[in-house]
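The chains referred to below are lettered A, B, ... by the order of the sequence lines, with proteins before strands, and numbering in each begins at 1.
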Amino acid sequence: MKRWRSSRTTSLPIDARGTVDELLNTLPCGVLSFADDGMVVTVNATLCQMLGYDAGEMEGRHVEQLLTVAGRIFYQTHVFPMVRLHGKAEELFLLFRKKDGTDLGALANVARHERAGVAVNDCAVIEVRERRKYEDQLLRARRDADQANALLKTQAAELETQHRLLQDQAAELEAQSDELRMLNDELQVHSDELVQARQVAEEANRAKSQFLATMSHELRTPLNAIGGYVQLIELGIYGVVTDTQREALDRISRSQRHLLRLINDILNLARIEAGRVEYAVEDMLIANVLANVIPMIEPQMAAAGLTFESTVQPDCVARADQEKVQQVLINLLTNAVKFTTHGGTVSLSATRDEQTGRVMVAVRDTGVGVPADKLAAIFEPFVQVETTHSRRAEGSGLGLAISHDLARGMGGDLTVESEIGAGSTFTLILPLA
Amino acid sequence: MATDVLARNNVKVSGHGTRPMLFAHGFGCDQNMWRYVTPAFEDDYKVVLFDYVGSGRSDAAAYDKDRYSTLEGYAQDVLDVCHGLDLRDVIFVGHSVSSMIGILAANHEPERFARLILVGPSPRYINDAPDYVGGFERSDIEGLLETMDKNYIGWANYLAPAIMQNANRPELGKELTTSFCSTDPVVARQFAEATFYADNRSDLRAVTVPSLILQCSNDIVAPREVGEYLSRELPHSTIRYMQATGHCPHMSAPDETVALIKDYLVAH
């Protein structure tokens, strides 16, 4: 804003200079002059109108009386020192107090001038309504922004903390991952070793089976020759046979048969283990199988002085190889006869279990029983229960091993329960048809 | 440390005497406010001027919101300057709020101070009915804060940078930013709150350093009742009522101000 200048600098006639008051009163802004002690020297009509005073009421007042209380403090702490020290202050925001007690927000420029040796503070005042509103909004916006900024800082700090925590966890996981990788590598090595070991074992097993199959064949040929020539001698083709000689021939013949059975069993086992056995699986009625088996075993039962009982559920149909099932059951029943003393009982039962989908054929005897420490190994080849029983030597020790393998080969199993002195129960388990 | 404080508080030393006079400016301004008064003392005294941190040309980076949230932080500035220059037997001259800041400093280290000259002092600005008249209601102070916000928004933060970019009149920006003695609105607001919400009445009784109270006529900021209250409550104090009106006699009536201070120093 242009500063009001003294008319002394013009060359207008005195009369024209007398119009300065009129000029002041026509200004669209308020004009106010006050001395250093705050006393009002001049006001224009516009300011009187703005504040609601008559010119007479204004002059001689203290400038503070035209301000609100807050405005007075601001005047004393800011405006007066500034004008006194710097000679002017521009665009001050001041709160005036109108005669009716209401406030008036105004912008003021103040300049300090010396006139006739007296310091006067000249002040131009414009009322601000819209600007005040905008400034209020601006201040509110800035406060909101400051608060938002503070909040952001807090959140950023929190995020930073979480980030560090995550980094720590990631590092820990990385370390664990390294450890796992190492363990995995070790396991891989072990696994490779195991695979190798299994290959070696399988190779060895195949070699063993091959050897057994070959050997059994090679052994059977001379044994058949021995058997054949014993029969020829017994028939008297090579001359009369004395009773003593016949006895000897009988022993040779028994030994030959035993050896042949042993070799057959070995051959069977070897074939099973070599996976060369084929199973003709079909739906078969257990009762039919037992009808074949029981007549074969009954004479032995009677000869041994044993009671035989059988209970068969009529609708027991298994899915299995009938010939193999017969083989297993004959083996189990023969064993029962062998290990049960005179007067004992051998019982056979066949039941079906819908829930497990199995058929169970159990052979129970009241024989010597199997010691607990032998039970686990009873299905291993060449394992025989030590017994004083004279018929022990007759077995090859391969029967149960073969039966066990056959049962499993048909998708079933062979289990045993036994108690020393009370007897044993062998159960052939087969899939239900 | 000493030089740090001297730079931090923009300390200026002048005069030919040895006895130190330490001038502390009031709220809203800086050491420039003493310029009509200090020449009168330079022949006989060592004149020390400074700006509080956050005001004038102090080091704004040293401003600590916590430290300067109460007048104690400002009192520490006074003591820091005393230590930095190893001032003893100090005549402390404080305007307005600096009167109470000087009292706090003198209560911390009474042996360092010889006299306290308190120009327009007030121990509490807000009325405490029924017994104490401070001159203001809390709402008046809130109005002051609003007025300050409005002015600082126009001045320091909004207008000044815009004008400073005006290549044709670079002197304008400089003049405006220095025209308000402390230009940072955050600092100014916090100083205003520390000043006008303070209540130092309970610190008065402990003062052992003799003091002069200069009470102006018609001082809206520190009314006569406040001066009378101080005169009663402040031990070893002398009160002088001034012809000068308003709150800044050292600027509006420097001769009277100088004369009364000299009178007091001669007599005491």
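When heavy atoms are compared at a cutoff of 4.5 Å, B:Ile141 approaches chain A solely by way of its side chain, counted from C-beta outward. Only the side chain of A:Glu64 has a heavy atom closer than 4.5 Å to any heavy atom of chain B.
Within 6.0 Å of atom CD in A:Gln49, 12 or fewer heavy atoms from other residues, nucleotides or ligands are found, so the atom counts as exposed in its surroundings. The number of heavy atoms from other shown groups lying within 6.0 Å of CD (A:Glu57) is above 12. Atom CZ of A:Arg181 has more than 12 heavy atoms from other residues, nucleotides or ligands within 6.0 Å. Other residues, nucleotides and ligands contribute only 12 or fewer heavy atoms inside 6.0 Å of the CD atom of A:Glu179.
Counting heavy-atom pairs closer than 4.5 Å to chain B, the top residue among A:Leu94, A:Thr77, A:Leu95 is A:Thr77. Ranked by heavy-atom pairs under 4.5 Å with chain A, the first of B:Met33, B:Met251, B:Glu146 is B:Met251. Note on B:Asp219, B:Thr245, B:Thr147: by heavy-atom pairs under 4.5 Å with chain A, the leading option is B:Thr147.
Remark: A:Arg84 is positioned above the aromatic ring of B:Tyr36, its terminal NZ or CZ atom under 6.0 angstrom from the ring centre and at most 45 degrees off the axis.
Between the CD1 atom of A:Ile73 and the CZ atom of B:Phe196 there is a distance of 5.0 Å, given to the nearest 0.5 Å. One distance of note links CG of B:Leu144 with NE2 of A:His78; it measures 7.5 Å at 0.5 Å rounding.
Between B:Asn151 and A:Phe74 there is a side-chain heavy-atom pair separated by less than 4.5 Å. Counting heavy atoms from C-beta on, the side chains of B:Ile220 and A:Gln76 come closer than 4.5 Å.
Closest heavy-atom contact between B:Gly143 and A:Ala70: C-CB, 3.3 Å.
Side chain of B:Arg35 to backbone of A:Leu85: a donor-acceptor contact under 3.5 angstrom is found.
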